[in-house]
Amino acid sequence: MAEPEKRVTTHRSRCFSKIKMFLCALTWAFVSKSLSGTYMNSMLTQIERQFDIPTSIVGFINGSFEIGNLLLIIFVSYFGTKLHRPIMIGVGCVVMGLGCFLISLPHFLMGRYEYETTISPANNLSSNSFLCSENRTQTLSPTHDPAECIEEIKSLMWIYVVVGNVIRGIGETPIMPLGISYIEDFAKSENSPLYIGILETGMIIGPLIGLLLGSFCANLYVDTGSVNTDDLTITPTDTRWVGAWWVGFLICAGVNILTSIPFFFFPKTLPKNEQEDDVDVPKSDKEEKCGEKAKEEKRGITKDFLPFMKSLGCNRIYMLFILVSVLQFNGFINSFTFMPKYLEQQYGKSTAEIVFLIGLYNLPPICVGYVIGGLIMKKFKITVKKAAYIAFCLSLTEYLISFFNFMMTCDNSPVAGLTISYEGIQQPLFVENKVLADCNTRCSCSTKTWDPVCGDNGLAYMSACLAGCEQSVGTGVNMVFQNCSCIWSSGNSSAVLGLCNKGPDCTIKLQYFLIMSLIGCFIYSLAAIPGYMVLLRCVKSEEKSLGIGLHAFCTRIFAGIPAPIYFGALIDRTCLHWGTLKCGEPGACRMYDINNFRRIYIGVPVALRGASYLPGFFILILMRKVQLPGEIDSPEVELTETKLTEKKSERLDVHRSPEGQNDGELKTKL
């Protein structure tokens, strides 16, 4: 008896180690896919400026990932369980790498980035043609060379980014549903919350690395190495600055392809817990069973699809959970996608600094919250119903805390002719005929070109010409403009390049905003694991993979795709000044009305998330009346069944007759 027991123990340890190895590989796949996604989000403002496109198109670029994911998510989730899941995950990682490479391709096909400016590097030192001059021809509506207009067709290369993002979405499709279903099928049920918590932690480590990479790349000039950065007249805080966004996508491509390698070496299935004792079954019998099982899977690969879909559609708790997820995701996608843009405009910081602060303040508490949530679920063996109450209460608490963000605000930057008059009187809306004033009408300035300067009176002007400046000294970002007729101050009426810095009070409010965001992220991440366990346990085990896929399908089609587009269009409505392309067409927005921007950025997610708590409340009511399918597999039910089995065996021992025992002994002797 010792030999078979030893073989069973060895077999179990091998299975346990394989599931752990698969967990490690899948966690790294979660890291790589979330690294690519977060880096993409952090570079959206750079892509917007590179191609001079409005925020609504940027939202479409961001949503194109979900379009690619949407194309295959349900079919992969259902049919993928019938195929070799680890190999499908590996192929998905390779496809993601190819998508990242395609996103970086426009940089190598386009020429050098030329930002909007009145100062030409060629006449930077010797000419003052961009300054106030009474003898210059009027330039309010300048003519353009047709050849330059043809060159601007290159800006359509953002389509490469869209296609690459769609391919990246296709590649990411099998990772989550097939990976989680693989673990759910072959891991012990009491370990499932901890394993999912580890996977969610991987989805936080990836964004942390992605944001650090984004901060580094955003601080590098897009054409670094091919231009002399000393000749630049813009800095990373300027809304015309474009960082080296393409570098990070090449790194993401390499990481995704390397991540795919381990998955090609995992088996299609692992022995389940109840089958682990059948180690002594002859090999021929095992092969026959496997062959019969494979034939059954092939026959049933499509016949169960519609019944499963019907069963999920009739599951009231599951459908309400999808509704809650759609509303919550609409709010979170909008907030996360445009957070760098909002913080840049609200607090006057560079993309590199904002991206770094987001990673520093938001991601570590989320990571800790996921792990603690998984450990609590495992340690206290929390039931699905209790998990639903915990998730609801924690999410509601975080939602109420988010209202404090309305208080962490700064005023618009004072730009003469846009947000304030030349006399320093508040002017919240852009008025075309007020861009010119008595002090600069003689200068023949362009009213469309955005090349701001900050006067020593604390006001900014759209260009040195509109500030009435007549002389300049210095080169590059150190250029100083003098004798500016529109600048009335006790000094020498001078100006420097760029918008005026916002005061120290604004920096303090940014710190408060980030601290409140830290607290909110930690509380919400505690609710994530209990909430996800409700999703996994409210459907039958055979419908689990399809249920996860359908949930992902609905959140993508009703949140992931439309949310960035309509939110970007709403943000575009708050633009005060659009950049100008060479042919006079509008480009990317250079300055927003920050008060309207704040109402949209904070108010819309608050409204969407607030509406989600009504169906969430109905879920709690239904769960009190209905027994969930997943409760049968819970640790407490398993423990109860074990105790009942032991009691039955004890009763059998008690009622076993002595005559039966003597008969058995007699038969043994004979």
Side-chain heavy-atom pair Thr351, Gln46 within 4.5 angstrom cut-off: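 SC-SC contact between Thr351 and Gln46 confirmed.
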Salt-bridge criterion met for [X] and [Y] (N-O under 4.0 Å):
X	Y	result
Glu344	Lys502	no
Lys33	Glu172	yes
Glu398	Arg609	yes

Quiz item: cation-pi between Lys385 and Tyr389, 6.0 Å / 45°: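 Judged by the rule (NZ or CZ under 6.0 Å from the ring centre, within 45° of its axis), Lys385 is not positioned above Tyr389.
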Distance flag, aromatic centroids of [Y] and [X], threshold under 6.0 Å:
X	Y	value
Phe249	Phe101	no
Tyr601	Phe338	no
Tyr221	Trp241	yes
Phe332	Tyr524	yes

Polar side chain donor-acceptor pair, [X] to [Y], under 3.5 angstrom:
X	Y	answer
Tyr342	Ser335	no
Ser64	Asn165	yes
Asn330	Tyr566	yes
Tyr160	Ser104	no
Gln511	Tyr347	no
Ser517	Asn362	yes

Donor-acceptor contact present, side-chain Thr259 to main-chain Val255, <3.5 Å: yes
Whether Phe60 and Trp158 hold their rings parallel, tilted or perpendicular, with breakpoints at 30° and 60°: perpendicular
Given Ile57, Asp52, Val58, the one that forms side-chain contact (heavy atoms from CB on, under 4.5 Å) with Pro54: Ile57
